[in-house]
Amino acid sequence: MAKNLVIVESPAKAKTIEKFLGKDFKVTSSFGHIADLPSRELGVDVEKDFKPKYVVDKEKKALVKKLKEMAKSSDTVWLASDEDREGEAIAWHLAETLKLDKDKTKRIVFNSITKSAILKAIENPRTIDYNLVNAQQARRVLDRLVGYEISPILWKKIKTGLSAGRVQSVAVRLIVEREREIQGFVPEASYRVAAEFVTKEGKVFKAKLQNTFNSKEAAGKFLQKNIAADFSVSDLDTRPAKKSPAAPFTTSTLQQEASRKLYFSVSKTMRMAQRLYEAGLITYMRTDSTNLSSEAVKAAKEEIVRSYGEKYSKPRNYATKAKGAQEAHEAIRPTNMAVHDLKDVERDMARLYELIWKRTIASQMSEAQLERTNVKIQANKHDELFLASGEVLKFDGFLKVYLEGTDDEDEEQEGMLPALTVGEYVDKKYMSATQRYTRPPYRYTEASLVKKLEELGIGRPSTYAPTISTIQTRGYVERGMVEGVERKYVQLMLLQDSVKEEVYAEKVGSDKGKLVPTDIGMIVNDFLVNHFSSILDYNFTAKVEEDFDNIASGGEDWTKMMKDFYEDFHPNVKNVEEHAERETGERVLGEDPESGRQVSVRLGKFGPMAQIGTSEEEEKPRFASLLPDQSIETLTLEEALSLFELPRVLGVYEGEEVAVNVGRFGPYVRFGKSFVSLGKDDEVFDVTMDRAIELIKEKQKADAPIASYQGKEVTKGKGRFGPFIKWDGKFINVNKKYDFDNLSDEDIVALIEDKIKKDAEKLISYWEEEDIKLEKGRWGTSTITKGKKKINLPKTVDATKLTLEQVKEIIEKETKTKKKTTKKTTKSKK
DNA sequence: CAGTGAGCGAGCTTCCGCTTGACTT
């Protein structure tokens, strides 16, 4: 056994560091935190100085045992977790949980993984910083109290299973408030005038009128004035300008840029980055720092000089601007600057790598030098001025490699202007006045939400992606299907000496994939903002972070901070629990003209619904679910009433009744006893008998067997894990190599035989009379299958040696604790 | 799985941050 044991947080990091240290050092990892509050209870003794109860997670027990043994046989244990709050707490938990001897334990930190940084760290060990640990405990306990005291209030007042938290609830609030701004937005139209001019040499350029007009008449009148007018250059101004490169990537800027340029979701970016990191190709991907190690700056410089020449190099350091940044790591950069792109890896990994390489290299390159020209064009028949501007690139600098993307969809690229002189006459080619509308604010994308959260100092690099998925799995937010609507606009065009009017159409408000709040999201948000305004305050995190900082520097006692917070917080929770009304988001829309009863809309047991009548009346109320694209907040009386016309019976087809309705899974056509979901473009109230029959036929075709193999039918479908074919009860994934819509018979046979072969290779034992299968898994684990039940065995079990009796025992044990896992699977189905 | 929406009550849900691993329908 080695004399020295170094414990870091990540196994990939351990692997790298071990190479730098001699053979006297064994490097291993803790896989993040090893101890935490228990998940099933509060785990904080609020009566006794908020003493936390720490437990080792079930899945970490084996790891802790292994670490203990390794520590025991080493002379010195080096706790090398990250240099921030969480890292310090990890070191402390390791020291406590592994019961490390103080005299043989040393705490070291480094924020770049280079040989010199690590050797320097080893020479300068310190002890655990308990102030920093206490700051972490304060953060942890505060989050626990907020989350675990407010969530149960939501179960009681709105719906079970809901959640609230310091981070997620503010994220939802941002999205809800943005949506309301959009709903309340009234677009204003104005006419903008644009023109194209031609120089004597025949060079064309575009110009815009400074003024806009707010009516068609005024715009038309202005165009008339330009008939047979003379135009000349009245002013010309040229000045140098420069552009600087953006800082190297942090987690947040990587997510934004991958979203803008590669259309990756936040979680996809992190998945790809994780794999690049594990392959040793990039530095750590969860960071809030824009800092590069001096080695990296030097390597970038060498690569730039080699590839582009000396004048393109300009080494720089970037100050991190994110609020509350902890800077435990470097910026995200390639580990080897000489590798410009990757071959032999998955395409999307290579694309992300290239983005990281370009951004890093560009950040160490010279500014781009530009010449910006602004020109004014005057007319002899009126006083309005046309403006034209252009840019000429004098030296490309960093632009040779990379330019950061923008979130502004309207931004126009400025082109070049022809050479012009003051007083020169130009000819009008055309002039137009186009009706333009002001725009509502943009809905958030996953990445722009991350950007906003980071600006507010809310959340950490390791939680951005999980937070976005939490607010979606809780049903507060959806990725939008908002199709947008057509809007007409007018364009007046002056070509020679007459003004012509044309009407065009544009699509507005199309927001596919953007984040849109659900009814539940809005109701929960309003409830929280009303009753827990201080927690929902956009500055709450910033305020408590100040306290955490004071605790970290030893200026404040963490239990005192908790006490101050809890003194106000807890009585408020109790008060809301007792006095707040149940929240359903109910809106009364008016009266049903037929019965005169009240029509309302609210959140019901099974989701948003409309209701005719009230429960106080003698006659029972009538209920109807809302359509998937409708919402409580915007539903009109007419829309509500039409919901009660369902189900619509369309007629009879092949002796069975055909009807349209809305159910648990959205709108559908019922045909006898079978159901067909409506297509995306179908409207429940518009579907005709012909369309319904078409849908039924499509469904029958899709369900029909596509082939048969060994006398058993083969069908196909699309599941959670992509397209598959099904044969003999087996699901066989069809990967992209095959054309799923046109599978040939040979493809099908190949897929099935391949599956049979692979299953046979996996099979260890099969007890036919008991219907129990024992199979090898892909990661050294094994699986027991009994009928439809599946049990995964831990890696430590050698499945090849199991007997039928032992297997039966395992199944029995598993069945007892089964309850929990079944619930989990039904949830993940959603 | 696609009709529900009363009221009761058992047993459950939930946070944020640090990490990787799980291999399915």
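Chain letters run A, B, ... following the sequence lines, proteins first, then strands; residues in each count from 1. All heavy atoms count here, side chains included; hydrogens, waters and symmetry mates do not.
Panel note: side chain A:T467, backbone A:T463; a donor-acceptor pair is recorded below 3.5 Å.
Across all strands, A:V167 comes closer than 4.0 Å only to sugar-phosphate atoms, never to a base (heavy-atom distances). The residue A:S81 sits apart from the nucleic acid: no heavy atom pair falls under 4.0 Å. Within 4.0 Å (heavy atoms only), A:L37 reaches no atom of the nucleic acid at all. Within 4.0 Å of A:G147, counting heavy atoms only, lies at least one base atom of the nucleic acid. If you check every strand for non-hydrogen atoms under 4.0 Å, A:P11 touches sugar and phosphate atoms only. No engagement by A:A89 is indicated, since no non-hydrogen atom pair under 4.0 Å with the nucleic acid exists. Within 4.0 Å of A:G607, counting heavy atoms only, lies at least one base atom of the nucleic acid. Contact annotation for A:G87: no contact, since no heavy-atom pair falls under 4.0 Å across all strands. A:Q168 comes within contact range of the sugar-phosphate backbone alone, with a heavy-atom separation under 4.0 Å but no base atom that close.
Rounded to an integer number of Å, the gap from CE of A:M609 to C1' of B:dG5 is 5 Å. The nearest whole Å value for the distance from the CD atom in A:E59 to the P atom in B:dA22 is 9 Å. Atom CZ in A:R602 sits about 11 Å away from atom P in B:dG5, given to the nearest Å. Following rounding to the nearest Å, A:I471 (CD1) and B:dC16 (C1') show an atom-to-atom distance of 14 Å. Atom CG in A:L63 sits about 10 Å away from atom C1' in B:dT19, given to the nearest Å. Spacing between atom OH of A:Y54 and atom C1' of B:dC18 amounts to 13 Å, rounded to whole angstrom units. Straight-line distance from the CG atom of A:L94 to the P atom of B:dT19: 13 Å, rounded to whole Å. In this structure, the OH atom of A:Y284 is 8 Å from the P atom of B:dC18, given to the nearest Å.
When the side chain to side chain donor-acceptor pair (under 3.5 Å) test is applied to A:D36, the partners found at least two apart in sequence or on another chain are A:R140. Residues passing the ring pair (Phe, Tyr, Trp, His ring centres under 6.0 Å) test with A:H33: none are found, sequence neighbours excluded.
Shown for residues 135-144 of chain A: residues whose heavy atoms fall under 4.0 angstrom of DNA chain B, namely A:R139, A:R140, A:D143, A:R144.
In this structure, A:R474 fails the cation-pi test against A:Y476, since its NZ or CZ atom is not both closer than 6.0 Å to the six-membered ring centre and inside 45 degrees of the ring normal. Remark: A:R173 is positioned above the aromatic ring of A:Y538, its terminal NZ or CZ atom under 6.0 angstrom from the ring centre and at most 45 degrees off the axis.
For A:S163, a side-chain nitrogen or oxygen approaches OP1 or OP2 of B:dC15 to under 4.0 Å. The phosphate of B:dG5 has neither OP1 nor OP2 within less than 4.0 Å of any side-chain N or O from A:Q611. At B:dC18, one or more side-chain N or O atoms of A:S462 fall inside 4.0 Å of OP1 or OP2 (strictly under the cut-off). Applying the 4.0 Å criterion to OP1 and OP2 of B:dT13, one finds that A:R40 has a side-chain N or O inside that range. For B:dT13, the OP1/OP2 oxygens have no side-chain nitrogen or oxygen of A:R474 closer than 4.0 Å. An OP1 or OP2 oxygen of B:dC16 is reached within less than 4.0 angstrom by no side-chain nitrogen or oxygen of A:T463.
Salt-bridge check for A:R139 with A:D143: passed, with a basic side-chain N closer than 4.0 Å to an acidic carboxylate O. Using a cut-off of 4.0 Å between Lys/Arg side-chain N and Asp/Glu carboxylate O, A:E86 and A:R460 are scored as not salt-bridged. Classification of A:K13 and A:D82 as a salt-bridged pair holds, one side-chain N sitting under 4.0 Å from a carboxylate O. Residues A:R597 and A:D592 are not paired through a salt bridge, judged by the lack of any N-O separation under 4.0 Å between the basic side chain and the carboxylate. Ion pairing of A:E577 with A:K574 is present here, as a side-chain N (NZ or NE/NH1/NH2) and a carboxylate O approach within less than 4.0 Å.
Of the two residues contacting DNA chain B, namely A:S615 and A:H329, the nearest-nucleotide position lying further toward the 5' end is that of A:S615.
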Legend entry - Pairing annotation in dot-bracket form, given for DNA chain B with Watson-Crick or G-U pairs under 3.5 Å and | for cross-strand partners: .........................
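The number of heavy-atom neighbours closer than 6.0 Å to CD of A:E59, taken from other residues, nucleotides and ligands shown, is 12 or below. Crowding of A:K15 atom NZ: a count of heavy atoms from other residues, nucleotides or ligands under 6.0 Å not exceeding 12.
Here the side chain of A:D36 is nearest to one of B:dC16, B:dT14, B:dT19, namely B:dC16. Side-chain atoms of A:S10 lie closest to B:dT19 of the nucleotides B:dG17, B:dC16, B:dT19. For A:E86, taking side-chain heavy atoms from C-beta onward, the closest of the listed nucleotides B:dC18, B:dT14, B:dC16 is B:dC18.
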Any protein N or O atoms within reach of nucleotides 2-4 of chain B? Criterion: under 3.5 Å, listing atom names and distances.
unit_1, atom_1, unit_2, atom_2, d
B:dG3, OP1, A:Y668, OH, 3.2

Which atoms of nucleotides 8-10 of chain B (N or O only) lie under 3.5 Å from a protein N or O atom, and what are those distances?
none

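A tilted orientation is assigned to the rings of A:H329 and A:Y284, their planes being inclined by 30° to 60°.
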Inset, instruction - Go through the steps to decide whether A:E617 and A:T614 satisfy the test side chain to side chain donor-acceptor pair (under 3.5 Å), and finish with yes or no. - result: CA-CA 6 Å; A:E617 293 165 37; A:T614 62; 3.1 Å; yes
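Under 3.5 Å, the side chains of A:T283 and A:E330 contain no donor-acceptor pair of N or O atoms.
Residue A:Y148 and nucleotide B:dT14 are classified as a stacked aromatic pair, their ring centres being separated by less than 5.5 Å at an interplanar angle below 30°.
Contact detail for A:A328 and A:D84: the closest heavy-atom pair is CB-OD2, 3.7 Å.
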